[in-house]
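Down below is the structure, laid out as structure tokens.
In what follows, residues are counted from 1 in the order of the sequence shown. Start at 1 and go down the list; that is how both ligands and their atoms are numbered. Note that this is a predicted model, so its numbers are computed, not measured.
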Amino acid sequence: MKEKDKPIGIFDSGVGGLTVVKEITRHLPNESIIYLGDTARVPYGIKSPETVIKYSRQNAKFLKEKGIKLLVVACNTSSAVSLPILRDEIDIPVIGVIEPGARAAVRCTKTGRIGVIGTEATVKSGAYEKAILQGARGKGQGARLEVIAKPCPLFVPLAEEGWFENEVAEMTAEIYLKSFKGNGVDVLVLGCTHYPLLKKTIQKTVGNGVILIDSAEETAREVEGLLKEKGLISNSESAVKDFYVTDNPERFSKVGKVFLGENGLGRLSIVDISSY
Ligand code: DGL
């Protein structure tokens, strides 16, 4: 198979990375995709960095052995704690979701106060702050930026349940996000795979003056840019999507439809990756 027609490998702790699959497919409809959702071990967001690194390595190895041309770490938590390690260990390009989101935030802010919401592990890692401040320094703006990060763990089960805009979602958003109102934050990074699904509720809560950054969309742009640069864009008419999960394909398929729509999921198989 020609290098450019090899699939893109994407992994997440579970179903949330399908927001990234959706955006990549929208930007690059002729790309084949192999997706791995580690549904047996989700959530990663409340685990230690050591455990998330161990799981991420196994996920990456599984996908690498499938003959992928590019690895996308769709999970913010994995990106936050394991990206440099994966880049070191794997001999294909590896893209995470933190850097694209951070770059967009730096581009969009006018007040210099950037909010970041994510899982506990992502916020604790400080990865977004680091990427935002690094990006800003590159543009000579480092000194004037401030990052305010907050974990919003309950947004994950709400998204999985399909509760995007009901009272519970609104109350939860109000409690988590009230500190972002009127504090000068003009950009809020949705630093978790699931949060784009609650975009409307989050926007309503923080007000229209705050720009929401969807990491999934930014990552898809980065993937497109990188493939173009390397001459690896596929124009195959027979692109396929293969999905793997480590547990409960029935639930993945049900929740997956919330993310990708009725016809979005391709072939779905269960896999044991504990020996990778
Ligand atoms: N995929 C995770 C992330 O983006 C959210 C779910 C989890 O905690 O595993 O951080």
Side-chain angles (χ1 to χ4, degrees), residues 9-24 35-60 63 71-83 86 94-102 104-105 115-131 149-164 172 176 188-199 202 212-220 222 243-248 251-252 255-256 258-260 273:
I10 305 176
F11 80 77
D12 179 44
S13 54
V15 78
L18 294 180
T19 50
V20 178
V21 172
K22 189 174 174 188
E23 287 303 321
I24 291 181
Y35 180 89
L36 171 65
D38 192 8
T39 47
R41 304 186 291 195
V42 68
Y44 286 8
I46 49 168
K47 299 207 164 70
S48 68
E50 293 73 28
T51 299
V52 176
I53 289 167
K54 178 177 146 197
Y55 293 171
S56 302
R57 275 187 164 131
Q58 289 175 323
N59 298 341
L63 288 171
L71 176 66
V72 180
V73 181
C75 177
N76 284 261
T77 307
S78 289
S79 296
V81 302
S82 67
L83 206 69
L86 297 182
V94 182
I95 288 185
V97 281
I98 306 263
E99 287 156 0
V116 174
I117 52 176
T119 64
E120 281 168 29
T122 298
V123 169
K124 211 164 156 197
S125 75
Y128 268 106
E129 280 93 326
K130 208 170 136 205
K150 191 168 170 76
C152 302
L154 286 178
F155 284 165
V156 171
L158 284 174
E160 295 251 341
E161 201 57 39
W163 287 12
F164 310 140
T172 310
Y176 281 147
L188 182 64
V189 181
L190 308 179
C192 173
T193 44
H194 290 59
Y195 298 1
L197 290 163
L198 286 113
K199 222 180 202 171
I202 294 172
L212 301 185
I213 304 290
D214 179 343
S215 299
E217 207 175 307
E218 297 302 328
T219 304
E222 177 120 347
F243 294 85
Y244 292 88
V245 287
T246 51
D247 195 18
N248 204 340
R251 178 162 167 81
F252 182 87
V255 184
V258 175
F259 287 77
L260 289 185
I273 55 162

Side chains of Tyr55 and Thr77: any donor to acceptor distance under 3.5 Å?
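Checked: Thr77/Tyr55 side chains show no N/O donor-acceptor pair below 3.5 Å.
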
Side-chain donor-acceptor pair under 3.5 Å between Asp38 and Tyr44, yes or no?
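Judged by distance alone, the side chains do pair up.
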
Using the rule given for side-chain contact (heavy atoms from CB on, under 4.5 Å), can you reason through Val73 versus Val94, listing the C-alpha separation, both sets of side-chain angles and the distance that settles it, and then say yes or no?
CA-CA 7 Å; Val73 181; Val94 182; 4.0 Å; yes

Which of parallel (below 30°), tilted (30 to 60°) and perpendicular (above 60°) describes Tyr35 and Phe252?
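Answer is tilted, since the angle falls between 30° and 60°.
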
Can you tell me how far apart NZ (Lys199) and CG (Leu188) are? Round to the nearest 0.5 Å.
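If I round to the nearest 0.5 Å, the distance is 11.5 Å.
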
Spatial distance of atom CD1 (Ile24) from atom CD1 (Ile95) [nearest 0.5 Å]
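Between Ile24 CD1 and Ile95 CD1, I get 8.0 Å after rounding to 0.5 Å.
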
Enumerated ligand 1 atoms positioned under 4.0 Å from heavy atoms of [X]:
X: Val42; answer: 9 (O)
X: Gly45; answer: 7 (C), 8 (O), 9 (O)
X: Tyr44; answer: 7 (C), 8 (O), 9 (O)
X: Thr77; answer: 3 (C), 10 (O)
X: Pro43; answer: 7 (C), 8 (O), 9 (O)

Nearest protein heavy atom with distance in Å, relative to atom 1 (N) of ligand 1
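Closest protein heavy atom to atom 1 (N) of ligand 1: Asp12 OD1, 2.8 Å.
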
Would you mind checking which non-hydrogen protein atom is closest to atom 6 (C) of ligand 1, with the distance to 0.1 Å?
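Going atom by atom, the protein heavy atom closest to atom 6 (C) of ligand 1 ends up being Ser13 OG, 3.6 Å.
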
Please report the closest heavy-atom contact between Ser78 and Ser56, naming both atoms and the distance.
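Shortest heavy-atom separation between Ser78 and Ser56 comes out as OG-OG, 3.1 Å.
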
So is there a nitrogen or oxygen of His194 less than 3.5 Å from a nitrogen or oxygen in ligand 1?
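Such a contact does not occur with ligand 1.
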
Would you check whether Gly16 reaches within less than 4.0 Å of ligand 1, judged by its heavy atoms?
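The answer is no: ligand 1 sits nowhere under 4.0 Å from a heavy atom of Gly16.
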
Using a 4.0 Å heavy-atom cut-off, which part of Thr119 comes near ligand 1: side chain, backbone, both, or neither?
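Looking at Thr119 and ligand 1, just side chain atoms fall under 4.0 Å.
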
